[in-house]
Amino acid sequence: MLNEYVDGTVDPAVCEEFEKHMAGCNPCKVVVDNIRKTITLYKDGQPYAMPMQFRERLHGVLRQRWKETHQPQKKAEL
Amino acid sequence: MANQFSPETSDAELVRLAKAGELDAFEALTNRYEQRVFGLAMRMLRQEQDAEDVAQQTFLSVLENLEGFRGEASFSTWVLRIASHAALKIIRKRKGLNTVSLEETTEPSDDFNSIPHPEFIADWRQSPEHLVERNEIRRLLDDALTRLDEKHRLVFLLRDVEGLSIQETAAALDLSEANVKVRLLRARLQLREDLTRVLGDPERQLVRLPHHHE
């Protein structure tokens, strides 16, 4: 229930009841607000940038594997 | 890396082209997801070398298994699933375990009744918009994440950071939706507790009267 409330996906009928409770329960309101802010912080925080050197290496490895797995006949012919 | 595909080209179309043997389409898919995979791995493992290993294993696995990918799940869910399992494997190895199981049966206590209630309740002193600009915040966020059990951490990262739905998260981790919800709530509450103890304003701390919301 708390999950759905945080996400704003609660069934409106149930939500009304929950809203009523929330209106009179300040600690609950603050907890929900804290959770939403927690999610925002993680979602909008600075992402980890993949190192450029690794990216080049990764693409090199993938191209190599692609060639190995995609042209077996040609290789056999050579 | 320049390629001929526009951002509007769907993942499904790129998958179709890659299956037909177009390396450019496969590279375009890699370009789309490599940062997300690396970021997820960094947040799970906090170690660059390990995160690079996860990224490499993930895309090699995508390359090798693309033929068998039938598109029941979205491509993004499939990639994040592979990355999640690769990251878990490293965590289990670090702990000296060989299994990568996320099985629910190992967690009999994972039900809503066993979730601890909020303790430190207070409004935060600053808004998230201000906080994300502070450098020391990343450390705080990562430390709090690390204190979470990896099962809970993964659910939180996939659902709340990567934006998968509950259903997609369940599919990616081979869990039931009910289990995802319990783990998500546990993760959210624990992170809230940890962050609020640092970011909350003690002068505005509230006392919670015991009651249930289930």
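Interface check for chain A: of the options B:Glu64, B:Arg192, B:Glu48, B:Glu193, the most heavy-atom pairs under 4.5 Å are formed by B:Arg192. Among B:Ala18, B:Gly39, B:Gly200, the residue making the largest number of heavy-atom pairs under 4.5 Å with chain A is B:Ala18. Your options are B:Gly21, B:Ala51, B:Ser127, B:Ala41, and the one with the most heavy-atom pairs under 4.5 Å with chain A is B:Gly21. When the candidates A:Thr40, A:Ile39, A:Asp44 are compared by the number of heavy-atom contacts under 4.5 Å with chain B, A:Ile39 comes out ahead. Contact count versus chain A (heavy atoms, under 4.5 Å) is highest, among B:Glu52, B:Glu129, B:Gln205, for B:Glu52. The most heavy-atom pairs under 4.5 Å with chain A, out of B:Val132, B:Val161, B:Leu141, come from B:Leu141.
At least one side-chain heavy atom of B:Glu27 sits under 4.5 Å from a side-chain heavy atom of A:Arg63. Between A:Leu41 and B:Trp124 the shortest side-chain heavy-atom distance falls below 4.5 Å. You'll find the side chain of A:Met50 stays beyond 4.5 Å of the side chain of B:Met42, heavy atoms only.
Using a 4.5 Å cut-off between heavy atoms, A:Asn26 touches chain B through backbone and side chain atoms alike. At a 4.5 Å heavy-atom cutoff, the contact between B:Leu145 and chain A is made by backbone and side-chain atoms alike. The contact between B:Leu60 and chain A is made by backbone and side chain atoms together, counting heavy-atom distances below 4.5 Å. Looking at A:Arg57, the atoms closer than 4.5 Å to chain B (heavy atoms on both sides) all sit in the side chain, from C-beta outward.
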Legend entry - Residue pair A:His59, B:Asn31: steps toward the side-chain contact (heavy atoms from CB on, under 4.5 Å) verdict: CA-CA 9 Å; A:His59 284 254; B:Asn31 291 339; 3.0 Å; yes
Legend entry - Stepwise side-chain contact (heavy atoms from CB on, under 4.5 Å) test for A:Glu4 and B:Lys181: CA-CA 9 Å; A:Glu4 285 83 357; B:Lys181 286 181 188 174; 3.6 Å; yes
Inset, instruction - Please test A:Lys37 against B:Thr196 for side-chain contact (heavy atoms from CB on, under 4.5 Å), starting from the C-alpha separation and ending with a verdict. - result: CA-CA 10 Å; A:Lys37 284 179 174 160; B:Thr196 303; over 6 Å; no
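Here the CD atom belonging to B:Gln35 is positioned 8.0 Å from the CZ atom belonging to A:Arg55, to the nearest 0.5 angstrom. The distance from the CG atom of A:Leu62 to the CG atom of B:Leu23 is 9.0 Å, given to the nearest 0.5 Å. In this structure, CZ on B:Phe26 lies 6.5 Å from CH2 on A:Trp66, to the nearest 0.5 angstrom.
Ion pairing of A:Asp7 with B:Arg188 is present here, as a side-chain N (NZ or NE/NH1/NH2) and a carboxylate O approach within less than 4.0 Å.
Annotation: B:Glu136, atom CD; neighbour count of heavy atoms from other residues, nucleotides and ligands within 6.0 Å is above 12.
In summary, the side chains of A:Asn3 and B:Arg159 do not present any donor paired with an acceptor at a separation below 3.5 Å, with no hydrogens or angles considered.
Of the listed residues (A:Asn34, A:Thr38, A:Ile35), just one forms a side chain to side chain contact (heavy atoms under 4.5 Å, CB included) with B:Leu189, and that residue is A:Ile35.
Shortest non-hydrogen contact noted between B:Gly163 and A:Lys43 is CA-NZ, 4.0 Å. Between A:Ala49 and B:Phe38, the closest heavy-atom pair is O-CE2, 3.5 Å.
The main-chain N or O of A:Pro47 is found under 3.5 Å from a side-chain atom of B:Arg138 such that the two form a donor-acceptor pair. Not one N or O on the side chain of A:Tyr42 forms a donor-acceptor pair closer than 3.5 Å with the backbone of B:Asp160.
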